[in-house]
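Heads up: the structure comes next, in structure tokens.
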Amino acid sequence: MSELAVIIDMDKTVVPTWDFMSDVAQALDDGFEVSKDQFYGDVDSLHIAGVDNLRHYDFFAHVRELGLDADEVEGYILQVFKERDYVYDDVSQFLDFLLSDVRPDLATLLTYGERRFQYLKYKCAPTLGSLTCIDILEPKGKYIEEHFAGYRGVVIDDKPIAGLPANFQGVLLERDALPSDTQRYSSLSQVKERWPDIVHALASTTPIPP
């Protein structure tokens, strides 16, 4: 039987990104006298275009444009946030289910974005420490095809993944979806409840030889 991989997105899937960003803006206000209006006013213009209409935000480039030291800002955020855990309420229970009951051969976070900023989020979400974190700046479908050949797998993401290999089943998790929506999931609790259906759909796929 082929190995099972479960790949989970980070932003807006397990990490409430907008809550994190709001608290980062408050930390810059409190610790460095950068107003929230000033901070948010620059965010959109500091997104960097990538391939296939993808783009990412370089927080630490933003910090430097504000005249601040990136190491100092990162250290301050980690200190202020040290007792916090930036995950949705259902993440801990789902990971317990995944790692104790499903027990995939591989379980990992796969996140698109600027490496240092993505790892800052990861470090501010200790519940995610049971998963490794892979950061990329290329389309996920292509990356999964190249690096997860030989696996059957499930990918949980808040966006459809173009070019997802046939040996992987996509699970679309949109936190604002209606619970009655059969095409999308509104929570990881729903993903857990429907896991037998997800695995059943996956069973008919054929892994790509490595």
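Values reported hereafter were calculated over all heavy atoms of this structure, with side chains retained and with hydrogens, waters and symmetry mates removed.
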Result for side chain to side chain donor-acceptor pair (under 3.5 Å) between Tyr86 and one of Thr17, Thr127, Asp19, Asp23 points to Asp23
Q) Below 4.0 angstrom, N of the basic side chain to O of the carboxylate: do Arg64 and Asp69 qualify? A) no
### Message
Taking Lys140 first and then Asp157, would you say they form a salt bridge - that is, a charged N and a carboxylate O separated by under 4.0 Å?
### Response
yes
Tightest non-hydrogen contact, residues Leu4 and Gly153, listed as CD1-CA, 4.2 Å
Any side-chain heavy-atom pair from Tyr57 and His62 closer than 4.5 angstrom?
yes
Heavy-atom closest pair (Val63 atom, Ala70 atom, distance to 0.1 Å) is CG1-CA, 3.9 Å
Distance col, row Gln118:CD vs Met10:CE, nearest 0.5 angstrom, shows 6.0 Å
Main-chain N/O of Pro196 paired with His200 side-chain donor or acceptor, under 3.5 Å
no
Flag the pair Ser187 / Val191 as yes when at least one side-chain heavy-atom distance between them is below 4.5 Å, and no otherwise.
no
Fill in: Pairwise side-chain contact, Glu33 with Gln38, heavy-atom cut-off 4.5 Å (strictly under)
no
Does Leu95 form a side chain to side chain contact (heavy atoms under 4.5 Å, CB included) with Val14? I'd like the steps, not just the answer. CA-CA 10 Å; Leu95 291 183; Val14 290; over 6 Å; no
Note to self: Quick check: is Phe39 connected to Leu68 through a chain of hydrophobic side chains (ILVMFWY, heavy atoms under 4.5 Å apart)?
What the structure shows: yes
_Ion pair check, Asp71 and Arg116, cut-off under 4.0 Å_ = yes
Do Ile198 and Gln169 have side chains that approach each other closer than 4.5 Å (heavy atoms only, starting at C-beta)? yes
Relative to the ring of Phe117, is the ring of Phe59 parallel (under 30°), tilted (30 to 60°) or perpendicular (over 60°)? parallel
CG of Asp29 to NZ of Lys36, rounded to nearest 0.5 Å, is 7.0 Å
Ala107 and Leu98 have their tightest heavy-atom pair at CB-CD2, 4.2 Å
Margin query: Leu78 vs Leu120, test: side chain to side chain contact (heavy atoms under 4.5 Å, CB included). Steps then yes/no.
Written below: CA-CA 8 Å; Leu78 289 172; Leu120 176 61; 3.7 Å; yes
Would you say CG of Asp197 has more than 12 non-hydrogen atoms from neighbouring residues, nucleotides or ligands within 6.0 angstrom?
yes
Q) Is there side-chain contact between Ser35 and Asp37, with at least one heavy-atom pair below 4.5 Å? A) yes
Residue pair Val73, Leu28: steps toward the side chain to side chain contact (heavy atoms under 4.5 Å, CB included) verdict: CA-CA 8 Å; Val73 169; Leu28 291 177; 3.8 Å; yes
### Task
Report yes if the side chains of Val155 and Val171 come closer than 4.5 Å at any heavy-atom pair, otherwise no.
no
Cation-aromatic face contact Arg194/Tyr185, 6.0 Å, 45 degrees
yes
Next item on the list: Please step through side chain to side chain contact (heavy atoms under 4.5 Å, CB included) for the pair Ile134 and Tyr143, ending with a clear verdict.
Entry: CA-CA 11 Å; Ile134 300 172; Tyr143 184 89; 3.4 Å; yes
Pro160 and Leu172 have their tightest heavy-atom pair at N-CD1, 3.7 Å
In short, Thr132 meets Tyr122 closest at the heavy-atom pair CA-OH, 4.2 Å
*Do side-chain atoms of Tyr119 reach the backbone of Cys133 as a donor and acceptor pair under 3.5 angstrom?*
yes
So CG of Asp135 and CG of Leu110: to nearest 0.5 Å the spacing works out to 8.5 Å
Checking Val15, Ile8, Ile7 against Leu109 for side chain to side chain contact (heavy atoms under 4.5 Å, CB included), the one that qualifies is Ile8
Correct closest heavy-atom pair for Gly141 and Ile161 would be N-CG2, 3.4 Å
Taking atom types as modelled and ignoring hydrogens, do the side chains of Asp90 and Gln190 form a donor-acceptor contact shorter than 3.5 angstrom? no
ask   = Does any non-hydrogen side-chain atom of Lys123 lie less than 4.5 Å from one of Glu74?
value = yes
| message | Before we go on, tell me: are the rings of Phe168 and Tyr151 under 6.0 Å apart, centre to centre? | response | no
Output for pair (Ser189 OG, Phe97 CZ), nearest 0.5 Å, gives 11.0 Å
Would you say Ser22's side chain and Trp18's backbone share a donor-acceptor pair under 3.5 angstrom?
-> no
Check this for me, if you would: do Asp58 and Arg115 make a salt bridge, where the nitrogen-to-carboxylate-oxygen distance has to be below 4.0 angstrom?
no
Interatomic distance, CG@Asp176 vs NZ@Lys12, rounded to 0.5 Å, equals 10.0 Å
Rounding to 0.5 Å, atoms CD (Gln26) and CD1 (Ile77) come to a distance of 12.0 Å
- Donor-acceptor contact below 3.5 Å, side chain Thr111 vs main chain Asp9: no
Discussion item. Under a 3.5 Å distance rule, please check whether Arg175 uses its side chain to pair with a backbone N or O of Thr13 as donor and acceptor.
Written reply: yes
